[in-house]
Amino acid sequence: MSDLDLAALTQVALETARTAGQLVLRGWRSKPAVERKLSYADLVTRFDLESEQCIREQLAARTPTIPIVGEEQGGEADERPTWFCDPIDGTVNFAHGHAFFAVSIGLMRAGQPLLGAVVAPALQSEWYGFAGGGAFRNGAACQVSSHESLPDALIATGFSPVMRLSGHPEDNVAACMRVMPQVRDIRRCGSAALDLCLVADGTYDAYWERRLSPWDVAAGAALVIAAGGELSDLRGGPCDPSHGYLLASNARVHAALLPLLARDGAPT
Ligand code: LIP
């Protein structure tokens with residue numbers, strides 16, 4: 001299989017995410033034991049570890065030449081196309097029995113998102129697609145919304161566990177306080193992968209967050225591009241998923257949002 005057969009590789013990512021999704025669903029609402037990682041807001045369960053092992057075995061078997069980077073076992077990315085997998089994005093939700101979590105598998109080359117598959121088993125929903133091939137939700141083609149102005153916009157964001165560490169200079173709360181009066185409403189649902197999918201299928205008009213990891217955004221970022229959306233960093237520059245400062249939108253509200261976000265200690 002050529003390593004740039006994007007349609008076939010999207011199918012590999014989707015089938016792998018479905019299998020891991022079924023494994024994770026068996027643990028949902030089972031009150032799994034949690035371990036803290038960076039902080040009380042950064043958790044891991046045995047289902048995160050088992051899901052990643054399942055993903056790695058499937059990808060290694062079907063695409064042996066493509067390196068893998070994952071949230072729990074890590075990995076190195078170079079200029080080659082590389083899989084970025086998050087075994088459970090939204091682990092805090094999963095651990096508390098909330099349905100908003102997903103298995104996310106994306107392929108990126110040198111920071112450029114190429115394709116993605118995101119499976120949310122408790123929501124019985126899946127999103128997949130690749131740049132130039134379109135984006136799909138549960139088998140139906142989807143695209144970003146057509147809202148032109150902020151008062152009509154539903155916007156999502158999040159608060160990375162890193163920033164919750166005491167004394168951290170960056171503050172996404174101030175940005176929220178600036179955005180909230182300008183838009184229809186804000187959502188904080190706890191999974192970057194799903195927030196990006198909801199921009200790609202037109203549910204949200206935009207989503208921003210700081211200090212995300214490449215496995216949180218690789219798949220969803222590819223779907224926003226495939227669905228006709230816009231991606232940048234918080235100053236409107238090129239978005240580098242390994243840097244983790246991201247604004248994704250329907251492209252129509254992007255310019256109006258940037259001035260509200262490009263402050264508060266954000267390096268870029
Ligand atoms: C989560 C992100 C979410 C962020 C959470 C957390 P995880 O990733 O997807 O956007 O707000 O704090 O980082 O840790 O569940 O894979």
Side-chain angles (χ1 to χ4, degrees), residues 1-17 20 51-87 89 102-119 127-135 160 162 192-193 195-197 199-200 207-249 251 254 266-268:
M1 186 188 298
S2 99
D3 62 348
L4 291 180
D5 180 341
L6 297 183
L9 290 167
T10 301
Q11 197 57 30
V12 169
L14 180 60
E15 290 165 3
T16 301
S51 171
E52 182 156 333
Q53 190 52 34
C54 164
I55 292 167
R56 284 177 178 274
E57 285 164 11
Q58 297 227 353
L59 293 179
R62 298 184 68 180
T63 59
T65 62
I66 302 182
I68 303 168
V69 174
E71 176 167 4
E72 306 309 337
Q73 297 179 30
E76 290 302 315
D78 55 26
E79 74 295 337
R80 292 174 293 165
T82 300
W83 290 118
F84 287 83
C85 58
D86 193 329
D89 189 51
V103 176
S104 177
I105 301 176
L107 188 74
M108 295 205 288
R109 175 177 37 214
Q112 186 54 41
L114 299 174
L115 65 90
V118 176
V119 172
W127 296 258
Y128 51 94
F130 58 94
S160 154
V162 178
D195 288 333
L196 288 162
C197 288
V199 171
Y207 158 69
W208 91 89
E209 194 161 350
R210 305 157 182 270
R211 302 194 69 97
L212 289 164
S213 302
W215 44 78
D216 294 322
V217 298
L223 296 176
V224 169
I225 294 167
E230 182 173 352
L231 278 178
S232 78
D233 65 19
L234 298 184
R235 292 186 188 283
C239 169
D240 175 353
S242 55
H243 221 195
Y245 292 82
L246 172 146
L247 170 61
S249 79
H254 213 87
T268 54

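It should be emphasised that the depicted structure is a prediction, and the values quoted were computed from it without experimental measurement.
- Interatomic distance, CG of L115 versus CG of L9, reported as 6.0 Å (0.5 Å rounding).
- With contacts defined as side-chain heavy-atom distances shorter than 4.5 Å, the pair V118/L196 does not qualify.
- Closest approach of A17 to V119, counting heavy atoms only: CB-CG2, 3.6 Å.
- Under the side chain to side chain contact (heavy atoms under 4.5 Å, CB included) criterion, Q73 pairs with E52, Q53, R56, not counting sequence neighbours.
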Please list, one pair per line, the donor and acceptor atoms closer than 3.5 Å that link side chains of residues 74-81 to other protein atoms, with sequence neighbours excluded.
from	atom 1	to	atom 2	distance (Å)
D78	OD1	R80	N	2.8
D78	OD1	R80	NE	3.2
D78	OD2	R80	NE	2.9
D78	OD2	R80	NH2	2.8

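- Nearest heavy atom pair, residue G111 against residue P241, reads O-CD, 3.2 Å.
- Summarising the geometry of V103 relative to S51, their closest heavy-atom pair is CG2-OG, 4.3 Å, with the distance given to 0.1 Å.
- F84 pairs by the ring pair (Phe, Tyr, Trp, His ring centres under 6.0 Å) definition with nothing, not counting sequence neighbours.
- Applying the side-chain hydrogen bond (donor to acceptor under 3.5 Å, both in side chains) criterion to E15, with sequence neighbours excluded, gives Q11, R62.
- Annotation: the span from I105 atom CD1 to L14 atom CG amounts to 9.0 Å, rounded to 0.5 Å.
- Evaluation of the side-chain hydrogen bond (donor to acceptor under 3.5 Å, both in side chains) rule for Y207 yields E209 as partners, not counting sequence neighbours.
- Between V69 and P214 there is no side-chain heavy-atom pair separated by less than 4.5 Å.
- Taking the side chain to side chain contact (heavy atoms under 4.5 Å, CB included) definition, one finds that A227 meets it with A135, V144, A200, sequence neighbours left out.
- The side-chain hydrogen bond (donor to acceptor under 3.5 Å, both in side chains) contacts involving residues 102-113 comprise nothing, where partners must be two or more places apart or lie in separate chains.
- For residues 64-74, every residue pair satisfying the salt bridge (Lys or Arg N to Asp or Glu O under 4.0 Å) rule, not counting sequence neighbours, is listed here: K37-E71, K37-E72.
- Paired with V217 under the rule side chain to side chain contact (heavy atoms under 4.5 Å, CB included), one option of D86, L246, D195, V224 passes, and it is L246.
- With rounding to the nearest 0.5 angstrom, the CG atom of L107 is 5.0 Å from the CG atom of L114.
- Judged as a side-chain hydrogen bond (donor to acceptor under 3.5 Å, both in side chains), and not counting sequence neighbours, the contacts of D89 are S191.
- S249 pairs by the side chain to side chain contact (heavy atoms under 4.5 Å, CB included) definition with A206, E230, V253, H254, not counting sequence neighbours.
- A131 and L6 get closest at one heavy-atom pair: O-CD1, 4.3 Å.
- Partners of W83 under the side-chain hydrogen bond (donor to acceptor under 3.5 Å, both in side chains) rule, at least two apart in sequence or in another chain, are T63.
- When every heavy atom of P238 is checked against every heavy atom of D233, the shortest pair comes out as O-OD2, 3.8 Å.
- Closest approach of T10 to G129, counting heavy atoms only: CG2-N, 3.7 Å.
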